[in-house]
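Single-structure report; data block below.
Below, read A as the first sequence line, B as the second, and so on, with proteins coming before strands; counting in each chain starts at 1. When reading the values below, keep in mind they use all heavy atoms of this one structure, side chains included, and skip hydrogens, waters and symmetry mates.
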Protein chains: 2
Amino acid sequence: MSPDNKELKEVGLKATHPRIKILQVLEEESQHHLSADDIYRRLHERGMDVGIATVYRVLTQFETAGLVCRHSFDAGPALYELNRGDHHDHMVCVDTAEVVEFQSDEIETIQRRIAAEKGFDLIGHSLVLYVKPNNK
Amino acid sequence: MSPDNKELKEVGLKATHPRIKILQVLEEESQHHLSADDIYRRLHERGMDVGIATVYRVLTQFETAGLVCRHSFDAGPALYELNRGDHHDHMVCVDTAEVVEFQSDEIETIQRRIAAEKGFDLIGHSLVLYVKPNNK
DNA sequence: CTAATTGCAAAAGCTTTGCAGCGCA
DNA sequence: TGCGCTGCAAAGCTTTTGCAATTAG
């Protein structure tokens, strides 16, 4: 059994053709952050005629199962990326739309403290930095 | 001339009825964070039959003029609030949808440093904490 | 075999746009 | 008066949903 099949079974999803292929696209793309439509078009380029509704449904299931992370960067479509277990945030270049990942324990700690100060427990967060190439 | 008229003129917008009323709703609402549709409904409650298209157009103009800030909290409609000149971020309670504002120079400083480390200048950011009431 | 999954098409939710008429400066 | 602004309706874009047909285990 292929590793993808196994991954799907482990989270309780049938190893169907569309699900396996969507997982492959997410694994193989050098561009880690893909919209549902990006994935839909990649599949069709490869001769897989999967419906866009299926792409959305599968991505939602994958997110619930913890296989992918979904991000809403401002307006526009949501972007999905494989969950590699390493939590990170993103900076988006306003010129090129390039997405760079980063990680900061420092910020996470401060967030938890701020939430506590207001009487809350931190469940999660969404942090996006909008940046421009540093031209020096 | 009313203060609202003045505010509008100062940013180069004609002091029209819809614009004045939308500004008033934003000023008077104790709930600072309103969607275009929230504002639309508040206006109609007050007998002002402004079109929803106008609400969107005016809010976009207000944002461009720096009069309001627009936030995309995850999915759902964008929320607008009056720009009182004090930059702040938000935490949203996942139980009650309550929105609490907070400010952290510490986080801003770290953000600038992280952007610089990756070769970028920080232009802006979006930070939302998702929280739950701290039940102790 | 049978419950889960899929594709299609239609609809939903938010936002923008074209256009003819109205209103502020 | 003239250009900007407005309301309406239609369209755009992303995402969800109903349903009959298909498929995995």
Reading nucleotides 18-25 of chain D from the 5' end, what letters show protein touch, with B for base, S for backbone sugar-phosphate only, - for no heavy atom under 4.0 Å?
B-----BS

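Rounded to whole Å, the distance from OH on Y80(A) to P on dT15(D) is 6 Å. Straight-line distance from the CD atom of Q61(B) to the C1' atom of dG4(D): 10 Å, rounded to whole Å. If you take CG of L34(B) and C1' of dC14(C), they are 16 Å apart, rounded to a whole angstrom. Atom-to-atom, CD of E63(B) to C1' of dT16(C) comes out at 15 Å; the value is rounded to the nearest Å. In this entry the distance linking CZ of R41(A) with P of dC13(D) reads 13 Å, nearest Å. Atom-to-atom, OH of Y56(A) to P of dG7(C) comes out at 15 Å; the value is rounded to the nearest Å. Spacing between atom CG of L79(A) and atom P of dC13(D) amounts to 17 Å, rounded to whole angstrom units. The interatomic distance linking Y40(A) (OH) with dT15(D) (P) rounds to 15 Å, in whole Å.
Taking 4.0 Å as the cut-off between side-chain N and carboxylate O, R112(B) and E117(B) do not count as a salt-bridged pair. Salt bridge E10(A)/K6(A): present, at least one basic N to carboxylate O contact under 4.0 Å. The existence of a salt bridge linking E28(A) and K21(A) is excluded, since no basic side-chain nitrogen approaches an acidic carboxylate oxygen closer than 4.0 Å. Taking the charged nitrogens against the carboxylate oxygens, E106(B) and R113(A) do have a contact shorter than 4.0 Å, which makes a salt bridge.
Residues passing the side chain to side chain contact (heavy atoms under 4.5 Å, CB included) test with N83(A), sequence neighbours excluded: C69(A).
Comparing M48(A) and A36(B) by the nucleotide of DNA chain C whose heavy atom lies nearest to each, the residue mapping closer to the 5' end is M48(A). Both D49(A) and D37(B) sit near DNA chain C, but only D49(A) has its closest nucleotide nearer the 5' end.
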Test side-chain hydrogen bond (donor to acceptor under 3.5 Å, both in side chains) on H32(A) and E81(A) and set out the steps.
CA-CA 6 Å; H32(A) 291 171; E81(A) 68 175 322; 5.1 Å; no

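For R19(B), counting side-chain heavy atoms from C-beta on, the closest listed nucleotide (dT6(C), dT15(C), dC5(D)) is dC5(D).
Using modelled atom types and a 3.5 Å distance limit, the side chains of Q103(A) and H88(A) yield no donor-acceptor pair.
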